[in-house]
Visitor: 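Before we start, here is the structure in question, set down as structure tokens.
These values consider heavy atoms only, across backbone and side chains, with no hydrogens, waters or symmetry-generated copies. The structure displayed is predicted, hence computed values, not measured ones.
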Amino acid sequence: MVSFPALQRWNHSGSPPRRLRQPNSNHSRDGTWLTFYANFAQSFGVSNGVPKPGQPIFAPQKGTQFEGGAKAELFDGRLTASLAYYDITKSNILRQSLNSPFSTPIGEAESRGFEFDLGGRIDENWSVTATYSHDDARITKDSDSSGTSGNKGHRLANVPLDAGSFWVKYDALGELRGLSLGAGVVAVGERQGNDANDFQLPAYARVDVFGIYRLPVPGPQLSIQLNVKNLFDTRYFESSAAFDRYTNLPGAPRTFLVSLRAEF
């Protein structure tokens, strides 16, 4: 996977998505299934942005990634745990200029950190999922109009140093078979509001819940689902525009979503 966590992983989702892994398998003597992997990749892509009048066309974005980790399956495969370390560097990242439709490039940024995932089924009814990430994303090369080092060494805007989530799900049996209930907490640490690091977006924790009922009818599998995001109507900021302290995206208030699904 060739990506840059600070720009792609935190896509206003509130929690880090799982990473692509290509492990090699090995079985330990005690029956625990353990896998290890490592990969190296380079990327090359177009810089999508409009330069200021008189500026040359932006150079393409280039990236380098190293990633390695391990994954274990415990308790006869009912519980899975994984730990990954990554070091990703990307050049020619663009930022929108203040009060204009034009962009300016950052010289280079690096994202270095680790992720831990834990998930599985405790028994026939209960299952859990937990994630944690530590991401030190910093600008490693930069220059401003005066020729100084600009924001070199600063934290990259909108990237929390620490973030995680914990979910628990209950699947009913017996007369209530087909009913599933779940709840989770998403926690995001303090983030820098811009690359100059002169203001911060505060940390927050949000609670989400859901319920699913699979209708016992013949034919296609029908299910109705209710999701409630931000159950306690917590006020928080998802992100900033990264060029001033006045353009910030607030998190959605308590939101209800009902859906009907048919599986053939």
Visitor: Would a 4.5 Å heavy-atom cut-off, applied to side chains only, mark Arg214 and Ser180 as touching?
Guide: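 Yes - at least one pair of side-chain heavy atoms lies under 4.5 Å apart.
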Visitor: Among all residues two or more places apart in sequence or in another chain, which pass the side-chain contact (heavy atoms from CB on, under 4.5 Å) test with Glu124?
Guide: Leu173
Visitor: Can you tell me how the ring of Phe114 sits relative to the ring of His134, calling it parallel under 30°, perpendicular over 60° and tilted otherwise?
Guide: parallel
Visitor: Let me confirm one number: the CD1-OG1 distance from Ile93 to Thr104, rounded to the nearest 0.5 Å.
Guide: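 Output value for this atom pair is 11.5 Å.
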Visitor: Taking the side chain from Thr129 and the backbone from Gly119, do they hold a donor-acceptor pair closer than 3.5 Å?
Guide: no
Visitor: What I'd like to find out is whether the side chain of Thr89 reaches to under 4.5 Å of the side chain of Glu108, using heavy atoms alone.
Guide: yes
Visitor: Does a sphere of radius 6.0 Å around CG in Asp123 hold more than 12 heavy atoms from other residues, nucleotides or ligands, not counting ones at 6.0 Å or beyond?
Guide: yes
Visitor: Where is the tightest heavy-atom contact between Ala252 and Thr255, given as atom of each residue plus distance?
Guide: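 For Ala252 versus Thr255, the nearest heavy atoms are CB-OG1, 4.0 Å.
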Visitor: Please name the pair of heavy atoms, one in Gly107 and one in Asp142, separated by the smallest distance, quoted to 0.1 Å.
Guide: N-OD1, 4.1 Å
Visitor: Can you list everything that forms a salt bridge (Lys or Arg N to Asp or Glu O under 4.0 Å) with Asp208? Sequence neighbours excluded, please.
Guide: Arg206
Visitor: Applying salt bridge (charged side-chain N to carboxylate O under 4.0 Å, His left out), which residue pairs with at least one partner in residues 163-186 are found, sequence neighbours left out?
Guide: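 Every pair satisfying salt bridge (charged side-chain N to carboxylate O under 4.0 Å, His left out) with a residue in residues 163-186: Arg121-Asp171, Lys169-Asp171.
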Visitor: Rounded at 0.5 Å granularity, tell me how far CG in Leu249 sits from OG in Ser240.
Guide: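 Atom-to-atom, Leu249:CG and Ser240:OG are 9.5 Å apart.
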Visitor: A quick test of your reading: do over 12 heavy atoms of other residues, nucleotides or ligands sit less than 6.0 Å from CZ of Phe40?
Guide: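 For Phe40, atom CZ is crowded (more than 12 foreign heavy atoms under 6.0 Å).
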Visitor: side-chain contact (heavy atoms from CB on, under 4.5 Å) with Ala203: which residues, sequence neighbours excluded?
Guide: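 In terms of side-chain contact (heavy atoms from CB on, under 4.5 Å), with neighbours along the sequence ignored, Ala203 is linked to no residue.
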Visitor: My understanding is that only residues two or more places apart in sequence, or in another chain, count here; which of them pass ring-ring contact (aromatic ring centres under 6.0 Å, His included) with Tyr236?
Guide: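 Partners of Tyr236 under the ring-ring contact (aromatic ring centres under 6.0 Å, His included) test: Tyr204.
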Visitor: At what distance, to the nearest 0.5 angstrom, does NZ of Lys90 lie from OG1 of Thr64?
Guide: 11.0 Å
Visitor: Any idea which heavy atoms bring Pro51 and Pro56 closest together, and the distance?
Guide: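 Heavy atoms of Pro51 and Pro56 come nearest at CB-O, 3.7 Å.
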Visitor: Among residues at least two apart in sequence or on other chains, which ones pass salt bridge (Lys or Arg N to Asp or Glu O under 4.0 Å) with Asp87?
Guide: Arg112
Visitor: With clusters built from Ile, Leu, Val, Met, Phe, Trp and Tyr whose side-chain heavy atoms come within less than 4.5 Å, directly or transitively, what are the remaining members of the cluster of Leu201, listed by chain and number?
Guide: Phe199, Phe237
Visitor: Count I, L, V, M, F, W, Y as connected when their side-chain heavy atoms are under 4.5 Å apart, and connections chain through other members. Are Tyr132 and Leu161 then in the same cluster?
Guide: no
Visitor: Tell me whether Asp117 contacts the main-chain N or O of Ser82 through its side chain, where contact means a donor paired with an acceptor under 3.5 Å.
Guide: no
Visitor: Given 3.5 Å as the limit, does a donor-acceptor pair link the side chain of Asn197 with the main chain of Asn194, or not?
Guide: yes
Visitor: Under the rule for side-chain contact (heavy atoms from CB on, under 4.5 Å), what residues qualify as partners of Gln200, not counting sequence neighbours?
Guide: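 If we apply the side-chain contact (heavy atoms from CB on, under 4.5 Å) test to Gln200, skipping adjacent residues, the hits are Glu190, Gln192.
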Visitor: Please name the pair of heavy atoms, one in Gly49 and one in Ser103, separated by the smallest distance, quoted to 0.1 Å.
Guide: CA-OG, 4.0 Å
Visitor: So, does Asn92 use its side chain to make a donor-acceptor pair with the main chain of Phe58 at under 3.5 Å?
Guide: no
Visitor: Inspect the surroundings of CZ in Arg261 and state if more than 12 heavy atoms from other residues, nucleotides or ligands are less than 6.0 Å away.
Guide: no
Visitor: Quick one: closest heavy-atom pair of Tyr37 and Ala70, and the distance?
Guide: CE2-N, 4.3 Å
Visitor: Calculate, to the nearest 0.5 Å, the distance between atoms NZ and OG belonging to Lys62 and Ser91 respectively.
Guide: 6.5 Å
Visitor: Could you tell me which residues satisfy side-chain contact (heavy atoms from CB on, under 4.5 Å) with Asp195, sequence neighbours excluded, listed by chain and number?
Guide: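 Expected list: Arg95, Ile106, Ile139, Asn151, Leu156, Ala157.
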Visitor: Hey, could you give me the CD/CD distance between Glu263 and Gln221, rounded to the nearest 0.5 Å?
Guide: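 It comes to 6.5 Å.
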Visitor: So, do Thr131 and Glu115 sit near enough that their side-chain heavy atoms are less than 4.5 Å apart?
Guide: no
Visitor: Compare every heavy atom of Glu73 with every heavy atom of Thr80, then report the nearest pair and how far apart it is.
Guide: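 What the structure gives for the nearest pair is OG1-CG, 4.0 Å.
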Visitor: Side-chain heavy atoms under 4.5 Å apart, restricted to Ile/Leu/Val/Met/Phe/Trp/Tyr: what other residues fall into the cluster of Val258, or is it alone?
Guide: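 Members alongside Val258: Leu179, Leu181, Val185, Val207, Val209, Tyr213, Leu215, Val217, Leu222, Ile224, Leu226, Val228, Leu231, Phe232, Phe256, Leu260.
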Visitor: With clusters built from Ile, Leu, Val, Met, Phe, Trp and Tyr whose side-chain heavy atoms come within less than 4.5 Å, directly or transitively, what are the remaining members of the cluster of Tyr170, listed by chain and number?
Guide: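 Besides Tyr170, the hydrophobic cluster comprises Ile122, Trp126, Val128, Phe166, Val168, listed by chain and residue number.
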Visitor: How does the hydrophobic cluster around Val50 look, that is, which other residues are in it when side-chain heavy atoms under 4.5 Å mark a link?
Guide: Phe102
Visitor: Just verifying a value: how many Å separate Asp162 CG and Asp135 CG, rounded to the nearest 0.5 Å?
Guide: 9.5 Å
Visitor: Would you say Arg191's side chain and Gly189's backbone share a donor-acceptor pair under 3.5 angstrom?
Guide: yes
